[in-house]
Amino acid sequence: MYLTRQEEHMLDGEYGWACQICMQILVKLGELYGATRLIPVSSAHISGVSYKTVGDAAIDFLREMMKKGAKTKTFSTLNPSSIDPYLTNRLPRGLIEKQTEILRLYERIGVVPSLSCTPYYEFVPAKNSTLAWAESSAVVYANSILEAWTNREGAPSALASAIIGKTPNYGVHQPENREPNIIIDVLFQPRNEVEYGALGYYIGEIVKDKIPIVRGLKNALSDELKQFGAALASSGMASMFHYRKEPKTDKRSEVVTVERREIENVIEKLSSSKFKPDMIFIGCPHCSLQEIKKLTSLVEGKKLKSNVEFWICVSRYIKNQTKDFIKVIENSGAKVLTDTCAVVTWTDRLGIKRIVTNSVKAAHYLPTMNRAEVFLASMEDCVKIAYE
Ligand code: F3S
């Protein structure tokens with residue numbers, strides 16, 4: 001892998017320990033995957049923020065980075081943490097302090113505390129721009145819907161790119177690796193976001209790390225594609241999909257058809273039998289402006305049942321943009337949380353054992369990460385369960 005003289009000096013430690021470690025991470029990755037050089041990135045999005053998922057080792061590492069002068073060289077944002085103001089009185093003080101320390105360290109390093117898995121609503125990456133993003137749902141959205149270019153980074157490599165301002169040019173940074181190599185024919189029309197999510201989940205299991213072109217998504221809304229992509233990335237390793245262009249008539253491309261019954265099986269597999277929920281959770285990935293508006297119209301004038309919590313998770317940016325809508329939602333008894341989500345905080349410590357959600361990605365993770373039973377229902381049905 002070719003390195004400029006300055007990059008070699010960084011690797012040799014002449015720019016300090018923090019730069020050296022970051023260069024080592026990027027060069028190792030690049031050599032492993034056949035990169036030829038490092039390329040500049042216009043932004044990095046860093047995961048590994050929730051204390052629940054990263055633990056004390058991350059605090060030690062970040063503290064060392066900060067002490068040794070690590071500073072971001074490119075615009076960098078953060079994935080959700082484990083707390084929001086609503087939760088700080090409900091969780092043990094020790095956990096809050098550890099999480100606060102992680103956020104303080106990232107900020108000292110220069111990362112913008114956006115604390116959302118949908119950084120693209122506030123900071124829209126330009127078409128064809130080069131990024132280094134972790135958070136698989138955001139990676140798929142950036143590559144497939146926004147047509148920016150990013151590999152599926154892990155927390156260390158996204159942080160390393162933030163500090164160095166570059167990423168190795170392997171994977172989907174090469175135009176030929178962005179070409180579809182499997183065709184998916186969807187033989188039915190998904191009816192809501194849960195079915196789009198289940199479709200993504202099913203296809204993710206089939207394609208693994210291949211790049212699918214999916215026929216049948218052309219009329220999908222961006223929020224439906226968001227659910228599709230988040231689920232695609234949960235069940236497999238895909239970093240993007242195509243849905244606009246017509247597949248090339250390459251006879252060697254594998255063609256897979258998907259029928260409704262396959263999607264119904266996915267929903268059944270991810271859902272427990274119907275139960276009385278402790279919580280309804282919407283906002284995985286964090287809600288868009290349109291989703292907040294839709295939710296507002298669904299809950300306006302209603303009163304939440306007394307024995308259930310209703311969490312709606314959004315970025316600070318979307319919450320600020322929708323203040324009047326949020327008032328209506330919160331007047332109904334629901335809570336609009338920023339900076340976190342039901343997966344990356346400790347819902348089990350809050351006594352929440354049964355969760356209804358419209359997110360297939362959340363349904364994939366909640367049973368293992370939060371020991372919760374899950375039932376999948378569309379936003380409309382979630383509202384019915386919460387209010388009627
Ligand atoms: Fe975002 Fe949490 Fe889902 S970080 S993608 S809302 S699991």
Side-chain angles (χ1 to χ4, degrees), residues 45-54 77-84 86-87 99 102-103 106 113-122 133-145 150 152-155 158 193-194 196-198 200-201 204 222-236 238-239 270 279-288 291-292 295 310-319 335-348 350 352 355-372 374 376 379 382:
H45 180 69
I46 299 166
S47 63
V49 183
S50 164
Y51 176 61
K52 179 185 150 189
T53 56
V54 295
T77 48
L78 277 188
N79 224 30
S81 72
S82 58
I83 53 171
D84 114 312
Y86 170 60
L87 296 176
Q99 182 63 76
I102 291 176
L103 300 184
Y106 272 125
S114 52
L115 299 171
S116 174
C117 47
T118 55
Y120 42 81
Y121 291 143
E122 183 173 9
W133 282 16
E135 175 47 50
S136 61
S137 68
V139 167
V140 172
Y141 197 92
N143 278 318
S144 316
I145 289 119
T150 175
R152 238 175 116 151
E153 303 293 347
E193 74 277 20
V194 174
Y196 275 102
Y201 197 86
S222 58
D223 288 327
E224 291 164 341
L225 293 172
K226 179 175 72 170
Q227 289 298 335
F228 174 89
L232 178 86
S234 305
S235 62
S239 51
L270 292 172
M279 176 199 270
I280 317 289
F281 167 45
I282 284 179
C284 172
H286 280 176
C287 286
S288 67
E291 286 172 309
I292 290 295
L295 201 50
F310 191 176
W311 286 19
I312 295 121
C313 294
V314 292
S315 63
R316 296 177 186 183
Y317 169 74
I318 292 290
K319 192 170 182 180
K335 289 277 175 232
V336 179
L337 286 78
T338 58
D339 306 357
T340 189
C341 80
V343 176
V344 299
T345 192
W346 296 271
T347 49
D348 44 348
L350 301 173
I352 293 161
I355 302 177
V356 175
T357 182
N358 67 343
S359 165
V360 167
K361 174 172 179 173
H364 172 77
Y365 286 111
L366 283 168
T368 47
M369 285 183 65
N370 299 43
R371 286 171 289 175
V374 178
L376 276 163
M379 188 189 284
C382 282

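Read the numbers this way: they start at 1 and go in the same order the structure lists the ligands and their atoms. In this chain, numbering begins with 1 at the start of the sequence shown. It should be emphasised that the depicted structure is a prediction, and the values quoted were computed from it without experimental measurement.
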Quick one: pull up SG in C284 and CG in L366 and give me the separation to the nearest 0.5 Å. 7.5 Å
Distance-only donor-acceptor check, side chains S116 and H286, under 3.5 Å: yes
One pair to check against side chain to side chain contact (heavy atoms under 4.5 Å, CB included): I292 and I312. What are the steps and the verdict? CA-CA 9 Å; I292 290 295; I312 295 121; 3.8 Å; yes
Can you say whether the rings of Y86 and W311 are parallel (under 30°), tilted (30 to 60°) or perpendicular (over 60°)? perpendicular
Do the rings of Y120 and Y141 sit parallel, tilted or perpendicular, given the 30° and 60° boundaries? parallel
Can you check whether T340 reaches I83 side chain to side chain, under 4.5 Å on heavy atoms? no
Going by chain and residue number, what protein N/O/S atoms come nearer than 2.8 Å to atom 1 (Fe) of ligand 1? C117 SG
